[in-house]
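Chain letters run A, B, ... following the sequence lines, proteins first, then strands; residues in each count from 1.
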Amino acid sequence: MDGPENRAAAERPSETSTPPPDPLFEQHLREALNEAQYRAVTADEGPHLVIAGAGTGKTRALTHRVAWLVQRGIRPESILLLTFTRRASQEMLRRATGLLDERCRRVSGGTFHSFANLILRRYAERLDFHPRFTILDRTDAVDLVGIVRSEAGYAGQGKRFPRSDTLVDLFSKHVNTQAPFTDLLEQDMPQFLDDLGAIEDLFGRYRRRKQEQNVLDYDDLLLLLRDLLRHHTEVRQELAARYRHVLVDEFQDTNRLQAHISALLASVHRNIMAVGDDAQSIYGFRGATVRNILDFSKIFPGAEITKLEQNYRSTQPILDLGNGVLRSAKEGIGKELFSDLDEGEIPTLVRTPDDHGQAEFVARRILELREEGVPLSEIAVLARAAWHTAELELELQQRNIPFRKFGGIRFVEAAHIKDVCALLKLTANPFDGPAWFRALQLLEGIGPKTARAITDHVIERDGDVRVLVQPKLTSRRYGNELSSLSDLLQRASADSVGVSARLEQVLDAYSPWMERKYDDANQRRNDFDSLAVIAGRYAEVESFLADLAIDPPDFGRGGPSDDQEDEWVTLSTVHSAKGLEWHAVFILQMNAGRFPSFQSLGKEADYEEERRLLYVAVTRAKRYLYLMKPEEVGNRYRSYEVGELSPLLGDIRDLRSLVSEHVHVPGQELLQGDATVPAHDDSAQLQRIEDYFAD
DNA sequence: GGGAATGCGTTTTTT
DNA sequence: ACGCATTCCC
């Protein structure tokens with residue numbers, strides 16, 4: 001516990017507060033860490049950059065660092081651990097607690113976005129906005145941009161104009177990279193260069209609208225935190241003094257804003273430890289830049305740099321392939337991973353006739369692996385895009401192999417969850433335009449036009465829900481439904497109504513609307529149990545909603561209540577697999593245009609990011625690795641195309657010596673067959689004929 | 001006028 | 001499957 005003596009001791013200056021090192025703990029560190037890890041963990045004060053290759057014990061180093069600092073008498077609350085997901089930070093603190101004691105749980109931490117959310121609510125008045133802001137997730141942002149887009153009337157004049165979701169991506173990239181729209185358009189969509197003026201105008205409208213409605217999108221969280229720290233000296237000093245040590249994980253995937261924020265937070269004590277791997281930078285599309293790593297010493301002169309190169313995860317043959325992928329890269333801090341685990345199978349490149357053959361091979365190999373004693377939890381199937389696993393999902397279902405899917409459509413993005421959240425948001429922030437817009441369209445007879453008009457009207461009247469029952473509106477055919485909405489919001493908005501009760505009231509009112517809107521309402525209703533469980537953990541509806549937007553629960557469709565099984569295979573996008581590892585890994589669709597995605601072809605920077613993405617995928621595997629290559633791949637809609645082998649593999653010198661090639665014919669033995677089996681059979685053609693004549 | 005139905009074209013990755 | 005424009009109907 002944090003007794004008064006404890007606190008007093010911790011707050012004394014470092015020279016006097018550092019207790020003598022505990023010899024037992026010291027000995028544990030020596031045994032548990034290699035030379036480089038030990039140096040990073042026990043480093044003195046001052047800026048420090050740790051370059052940690054895949055599987056080199058980066059998490060291990062960070063958790064030991066936290067434990068070491070706490071053991072040396074640093075107050076846990078004055079350590080700030082910024083991570084990529086909240087799960088990562090919780091896991092690290094759990095492990096640090098295991099190393100030392102409960103004090104480690106009190107370390108401050110989370111994602112940049114959740115940290116920003118916390119700080120901004122605390123200091124909102126200094127930035128001149130209301131602390132009860134709500135957060136727009138991507139869908140909300142797209143809706144709001146859609147509204148200003150149609151209001152402004154740039155679209156629909158015979159000429160192609162960027163869609164709302166394209167605009168949201170563009171705006172986000174503009175904020176995160178701080179690059180002018182002209183440059184971004186030139187790079188990514190030169191066909192819209194004519195519309196530069198219109199785009200800039202829409203960006204301004206969107207910003208103003210957010211301000212009026214007291215809502216922040218993801219980028220605003222970072223932007224406003226940066227500005228708070230930059231322009232409010234006393235706040236910066238207060239925070240930078242409070243955090244004696246700042247630790248930043250996955251530094252290669254931070255953008256300019258995040259690097260700036262980190263630097264400002266460390267501006268007083270200059271104790272920043274950034275950990276990352278330039279070879280694993282895969283969020284360039286979100287503005288992340290390896291420059292943050294490369295220029296670290298420019299921001300913090302005299303920074304110490306430690307490289308972790310010994311890999312403890314994978315066998316040498318898997319690392320050889322990973323190194324091969326990296327060697328074909330255009331640039332990067334040279335590094336070559338090595339492992340003690342020499343034994344191991346060489347990765348397999350499996351050629352199948354088509355998508356279905358690919359799914360069949362993967363499913364059957366999973367069953368074999370389970371027979372051999374590999375638990376399902378140690379098996380993962382990775383893909384470049386979420387929809388690449390569609391065929392496999394069917395196959396796994398048919399064979400009763402339990403799986404969970406990560407990446408792609410998430411629980412909170414399902415339409416009915418968004419509806420409920422919109423209603424809840426209105427109980428917290430009656431200015432939230434996107435929430436009004438969505439909620440109002442639930443009512444029969446209200447479409448986009450009417451919803452917009454009523455939204456504007458309510459916001460003009462300071463969010464007073466009683467305007468919904470003005471005679472002018474109640475006389476319309478949707479008048480009765482408007483009154484029920486107004487009733488609901490008045491009842492549920494009272495501060496005295498707890499989170500669970502509020503959700504219950506919202507769900508009751510939502511029920512009839514849901515039945516009208518969805519054919520499968522009953523199925524969707526199951527998800528509300530999961531939502532209620534999560535809501536029960538919160539005391540304030542604002543924090544519940546903020547977490548749903550910033551740290552969404554990471555179970556896929558169906559939710560945790562579906563999980564009778566405690567053993568399942570992981571299906572994941574490569575992005576969502578970051579930082580994780582499995583005994584056996586399959587990578588799907590190693591075809592040109594799939595992995596790498598066709599959008600990246602011809603754009604060097606994007607193509608290089610695809611290469612790093614493959615590097616991340618390959619280095620997730622501990623022991624078995626299968627690269628799947630269907631000869632023909634199905635388009636979203638039934639047509640087939642012959643797929644060339646992924647150029648990412650083609651780029652690798654000596655690929656033949658790094659992988660063993662296997663041709664799989666559906667229905668035959670898996671790996672016993674040899675490569676003399678003809679590469680083509682007629683099953684794909686037969687399937688096409690079947691499909692064509694089916695109608 | 002505007003909501004609902006229809007049809008066409010596009011679809012990577014995520015806090 | 002979804003966004004957006006167009007057409008159809010109250």
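In this structure, the side chains of A:Ile147 and A:Arg209 come closer than 4.5 Å at one or more pairs of heavy atoms.
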Pairs under 3.5 angstrom, nitrogen or oxygen only, protein versus nucleotides 7-10 of chain B, please.
none

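Which of C:dC4, B:dT15, B:dT13 sits closest to the side chain of A:Ile550 comes down to B:dT15. The A:Thr111 side chain lies nearest to B:dT15 when the options are C:dA5, B:dT15, B:dT13. Residue A:Ala385 has its side chain nearest to B:dT13 when only B:dT13, B:dT14, C:dC4 are considered.
As a whole-Å value, the separation of A:Gln280 CD from B:dT13 C1' is 16 Å.
Stacking between A:Phe285 and the base of B:dT13 is present: ring centres sit under 5.5 Å apart and the planes differ by under 30 degrees.
The residue A:Ser164 sits close only to the backbone: its heavy atoms come under 4.0 Å of sugar-phosphate atoms, none of a base. Heavy atoms of A:Gly146 sit nowhere under 4.0 angstrom from any nucleic acid atom. Residue-level contact check: A:Phe112 touches neither bases nor backbone, having no heavy atom under 4.0 Å from any strand.
Remark on DNA chain B: of its neighbouring residues A:Leu443 and A:Asp606, the 5'-side contact belongs to A:Leu443, judged by nearest-heavy-atom nucleotide. For the pair A:Arg477 and A:Gln599, nearest-nucleotide mapping onto DNA chain B gives the more 5' position to A:Arg477.
One finds a side-chain N or O of A:Arg149 lying less than 4.0 angstrom from the OP1 or OP2 phosphate oxygen of C:dA5.
Shown here are the ring pair (Phe, Tyr, Trp, His ring centres under 6.0 Å) partners of A:Tyr283, two or more places apart in sequence or in another chain: A:Phe84, A:Phe285, A:His575. With sequence neighbours excluded, the residues forming a side-chain contact (heavy atoms from CB on, under 4.5 Å) with A:Arg226 are A:Gln178, A:Leu223, A:Arg230, A:Leu257, A:His260, A:Ile261, listed by chain and number.
With salt bridges taken as basic N to acidic carboxylate O contacts below 4.0 Å, one links A:Lys418 and A:Asp140.
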